[in-house]
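The block underneath contains the structure these notes are about, expressed in C-alpha cells.
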Amino acid sequence: MLKSTSVKDALNSPSAQDAFLVQGWVRTRRDAKTFSFIEVNDGSCLKNLQVIAPSTLANYAEIQHLTTGASVAVRGKLIASQGQGQKWEVAAEEVTVIGTADATYPLQKKGHTPEFLREIAHLRPRSNLFGAVFRTRSRLAFAIHKFFNERGFVYVHTPIITGSDCEGAGELFRVTTHDLANPPKREDGLIDDAKDFFARRTYLTVSGQLEAEAFACALSKVYTFGPTFRAENSNTSRHANEFWMIEPEVAFCDLQGDMDLAEDFVKSLIRDVRTNCAEDLELFAKFVDKELLARLDFVLERPFQRVSYTEAVELLKNSGKVFEYPVEYGVNLQSEHERYLTEVMFKCPVTVYNYPKEIKPFYMRLNDDDKTVTAMDVLVPGIGEIVGGSQREERLEVLEANMRRHHLDPKDYGWYLDLRRYGTVPHAGFGLGFERMLMFVTGVSNIRDVIPFARTPGNAAF
RNA sequence: UGCCCGGUAGCUCAGUGGCAGAGCAGGUGACUGUUAAUCACUUGGUCGUAGGUUCGAUCCCUACCCGGGCAGCCA
C-alpha cells in the first residue's frame, strides 16, 4: 500500500514524486475548464496542498460537489506547480471522497470570529487560526521540557488529587466518591470525611509547589508541568478553571537566581517558538496582533526591568497618572498598576520583587527588614502577571511563625516542615502559567482560545 | 460575583412602532491555471426566551438565558 505524505512534507519535498498519496480535509475547491482545483489541509502546517483533479476522473461529478470540510484521499503525482503561490501541487489520478460535509458545515473559507469558533470547539482546530494556535501550543510544551532537560532539571509528576486545602492559591474543587444525596454523617451531623475514598477530605490540586519543594530538596533541580484546578468564579480573558502550569524549584538558590531563571526561561521559550513556529507566528502577526513579532523580538533583546515593590509604588505614585485605585504601600498592585508599569512605563517585561509580607503567602522567605518577603512577579505587556515565585522560607522557626501569622496550624504541615528539620537549604521557585505564556507568544488575547476545550464558569461542554 | 456592551439568514452585519435586508457560504448556470477566483440567477428567518405597553412590537419596558469587555481572585 502506498504510504501517505503529510502536506507539510509534500510542500517541502526536494523533488517531484511519481507515486504520491495525501489525505486530509478540503479547505476550498474551484473549477477550471477541464479540471478542478482542490485545496487539501491535514493540519501538519498552515498551508494547503493544491490538487488538480482532471475531468477525466471517473467520479468527477462527485468531486465537483466537494465542499469545505469534506475528507479526501488523493493519489497521483507530486509535480511542480504551474501557478503562483506554491512550489508543488498534486496531479490527481484518483480522488477518493471519504466523508462529505454538507451545507450545514459551520466552517467557511473566510472570516470567523473567535467567539463563534468557541461554540464549535470540536471543529475549530480545522481553522487556520486554531490549527496554528494548537501547533504552537504543542511546540511550546516541547520547548519547556527541552529547556529544563538541557539544564539538568528532573521532571516531577506531583499529585493531581491533594489532601492539602491550605496551599494558599484560591478555591478548590472537592474530590469525593460520596453519594451526594446521602453522604455518611458523623454523630454531630457533619459529613464524615473519614469514610470517603481517601479517608480524608481531598481536592484537585491548585499547585504542585509544596511537593516540588520536597523533590528539589533531594534532586536539587526539578520542575513540574501539569494541570491545575481553581474553583474561582473568574470571568476574565486570562483566567480558566483548568489550566497548565510549570513550576521549577531549585535547591541552593536565592531570589536573585530565581529571577534570573525566570527571565532566561521566558526568553528561551520565545526564542524557540520564534524559530520553530515561524509560519504560524506570521499568521498571528497578520490577523491577530500586528505588533506581535516586533514585541517578541524586543523582549528577547532587552533585559527585564527589575524593580522592588517599594520602588514600583514610588514610580506609580510619581508617574502623574491618575489611577482608579490609588497606589499605596501595603496594598496589592491592581491590574491597572501592573499594566502601566509594563505597557506604558517600561514597555517590556517587568520583574517586581520584595513584596510586603502581609500580602503574600506563608512559605515566602522573610527578608532581614522584617517587613518584606522574597516574592517576585513577572509582568508582561497585554497579559499582566505571567510568573509568580519566591525564595522559600527555609528556617524552621521563621516558617512556623509565618504559618501562625497566616492562621495556619503547623501541625497540618508536618511533612513540609520536615524539609526544614532535616538538611534544610535555601531554595526558590516559581510558577509560570502555560496558557498565559502561549497567549503572549501568539498574541491571542483570550485564554479560552489557547485551550483545546476550555473550562470556565458555567462551561464544560465537550 | 459586580459594572458596561451586545443577541436579526449557516457566518459577518445593516435596519424600522406598520410586507424582513446586504455581503459571504449553499444551489443552478456561465467563464476560467485558479488560489478569500470572477459574473448572473437563486434557496434560506420563531428578529435570544417569557411577559408587558400598544390597534399593531424585531423595534419601547421588565425579567431571564446566552455571548463579549472590564474589575476582583491569580497563573
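Please read all numbers here as calculations on a predicted model, not as lab measurements. Below, chains carry the letters A, B, ... as their sequence lines are ordered, and counting in each starts from 1.
For A37(B), the OP1/OP2 oxygens have a side-chain nitrogen or oxygen of Arg30(A) closer than 4.0 Å. For Arg238(A) and A71(B), the shortest distance from a side-chain N or O to OP1 or OP2 is below 4.0 Å. Considering only side-chain N and O atoms, Ser335(A) lies under 4.0 angstrom from the phosphate OP1 or OP2 of G72(B). Here Asn235(A) does not reach the OP1 or OP2 of G68(B): none of its side-chain N or O atoms lies under 4.0 Å away. Contact between the side-chain N/O atoms of Thr236(A) and the OP1/OP2 oxygens of G69(B) is not found at any separation under 4.0 Å. The phosphate of G33(B) (OP1 or OP2) has no side-chain N or O of Thr34(A) nearer than 4.0 angstrom. The side chain of Thr113(A) contributes an N or O atom lying less than 4.0 Å from OP1 or OP2 of U12(B).
A36(B) atom C1' lies 13 Å from atom CZ of Arg27(A), rounded to whole Å. For the pair Gln209(A) CD and A75(B) P, the computed distance is 9 Å after rounding to whole Å. Atom CZ of Phe35(A) and atom P of U35(B) are 12 Å apart (whole Å). One atom, NZ of Lys360(A), and another, C1' of C73(B), lie 12 Å apart when rounded to the nearest Å. Summarising the geometry, the separation between CG on Asn233(A) and C1' on C73(B) is reported as 10 Å, rounded to the nearest angstrom. Between Ile120(A) atom CD1 and U12(B) atom P there is a gap of 10 Å when expressed in whole angstrom units. Separating the CG atom of Asn459(A) from the C1' atom of G68(B) is a distance of 13 Å, rounded to the nearest angstrom. Leu49(A) has its CG atom 18 Å from the P atom of U34(B), to the nearest Å.
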Which pairs of donor and acceptor atoms, one on a side chain in residues 436-445 of chain A, lie under 3.5 Å apart (sequence neighbours left out)?
from, atom 1, to, atom 2, distance (Å)
Arg436(A), NE, Arg238(A), O, 3.2
Arg436(A), NH1, Glu385(A), O, 2.9
Arg436(A), NH2, Arg238(A), O, 3.0
Arg436(A), NH2, His239(A), NE2, 3.4
Thr442(A), OG1, Leu438(A), O, 2.7
Thr442(A), OG1, Met439(A), O, 3.4
Thr442(A), OG1, Val444(A), N, 3.2

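Among the atoms of the strands shown, only primed sugar atoms or phosphate atoms (P, OP1, OP2) are found under 4.0 Å from some heavy atom of Asn446(A). Within 4.0 Å (heavy atoms only), Phe116(A) reaches sugar-phosphate atoms of the nucleic acid but no base atom. Nucleic acid contact class of Gly83(A) (heavy atoms, under 4.0 Å, all strands): base.
Contacts classified as ring-ring contact (aromatic ring centres under 6.0 Å, His included) and involving residues 28-58 of chain A (residues at least two apart or in different chains) are given here: Phe35(A)-Phe37(A).
With ring centers used as reference points, Tyr329(A) lies under 6.0 Å from Tyr309(A). Note: His122(A) and Phe453(A) fail the aromatic proximity criterion, with ring centroids not under 6.0 Å apart. For Phe362(A) and Tyr413(A), the ring centers sit closer than 6.0 Å to each other.
Side-chain atoms of Gln86(A) come within 3.5 Å of backbone N or O of Gln84(A) as a donor-acceptor pair.
Residues satisfying the side chain to side chain donor-acceptor pair (under 3.5 Å) test with Arg271(A), not counting sequence neighbours, are none. The ring pair (Phe, Tyr, Trp, His ring centres under 6.0 Å) search around His157(A) returns Tyr155(A), not counting sequence neighbours.
Comparing U34(B), C74(B), U32(B) by their nearest atom to the side chain of Lys33(A) picks out U32(B). The Ile52(A) side chain lies nearest to G33(B) when the options are A75(B), G69(B), G33(B). Distance from the side chain of Gln86(A) is smallest to U34(B) among G69(B), U34(B), C74(B). Checking C73(B), U35(B), C11(B) against every side-chain atom of Gln50(A), the shortest atom distance belongs to U35(B). The side chain of Ile447(A) approaches A75(B) more closely than any other nucleotide in the set G68(B), A75(B), U32(B). Candidate nucleotides U12(B), A75(B), A71(B) were compared by shortest atom distance to the side chain of Gln334(A), and A71(B) ranks first. Closest approach to the Arg448(A) side chain among G68(B), G33(B), C70(B) is made by G68(B) (side chain taken as heavy atoms from C-beta onward).
Here the separation of G69(B) from G33(B), taken at their P atoms, is 46 Å to the nearest Å. Taking atom P on both G10(B) and C47(B), the two are 12 Å apart, rounded to the nearest angstrom. If you take atom P in G17(B) and the same atom in C61(B), they sit 13 Å apart, rounded to whole Å. For the C1' atoms, the distance linking C64(B) with A22(B) amounts to 32 Å, nearest Å. Rounded to whole Å, the separation between the P atoms of A36(B) and A25(B) comes to 13 Å. Spacing of P atoms, U42(B) relative to A37(B), comes out at 23 Å, to the nearest Å. Using atom P as the reference point in both U58(B) and U1(B), the two lie 31 Å apart (nearest Å). Nucleotides G29(B) and C66(B) place their C1' atoms 41 Å apart, quoted to the nearest Å.
The residue among Asn332(A) and Gly458(A) whose nearest nucleotide of RNA chain B is located toward the 5' end is Gly458(A).
Side-chain contact, Ser36(A) with Gln64(A): no donor N or O sits under 3.5 Å from an acceptor N or O. Looking at Tyr325(A) and Glu336(A), their side chains never bring a donor and an acceptor atom within 3.5 Å of each other. A donor and an acceptor atom, one from each side chain of Asn367(A) and Thr372(A), are located under 3.5 Å apart.
Between the side chain of Ser234(A) and the base of C74(B), no donor-acceptor pair under 3.5 Å is found. One can find a donor-acceptor pair under 3.5 Å joining the base of C74(B) and the side-chain atoms of Arg436(A).
Residues Ser207(A) and Glu247(A) share a closest heavy-atom pair of OG-OE2, 2.9 Å.
Electrostatic pairing of Glu343(A) and Arg339(A) counts as a salt bridge here, judged by a charged N lying under 4.0 Å from a carboxylate O.
Remark: ring of Phe243(A) overlaps the six-membered base ring of A75(B) in a stacked fashion, centroids less than 5.5 Å apart, planes less than 30° apart.
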### Message
Could you write out RNA chain B as dot-bracket? Rules: Watson-Crick or G-U wobble, both distances under 3.5 Å, brackets [ ] for crossings, | for pairs with another strand, dot for unpaired.
### Response
(((((((..((((....[..)))).(((((.......))))).....(((((..]....))))))))))))....

Give every pair of a protein N or O atom and an N or O atom of nucleotides 24-27 of chain B that lie under 3.5 Å apart, one pair per line with the distance.
none

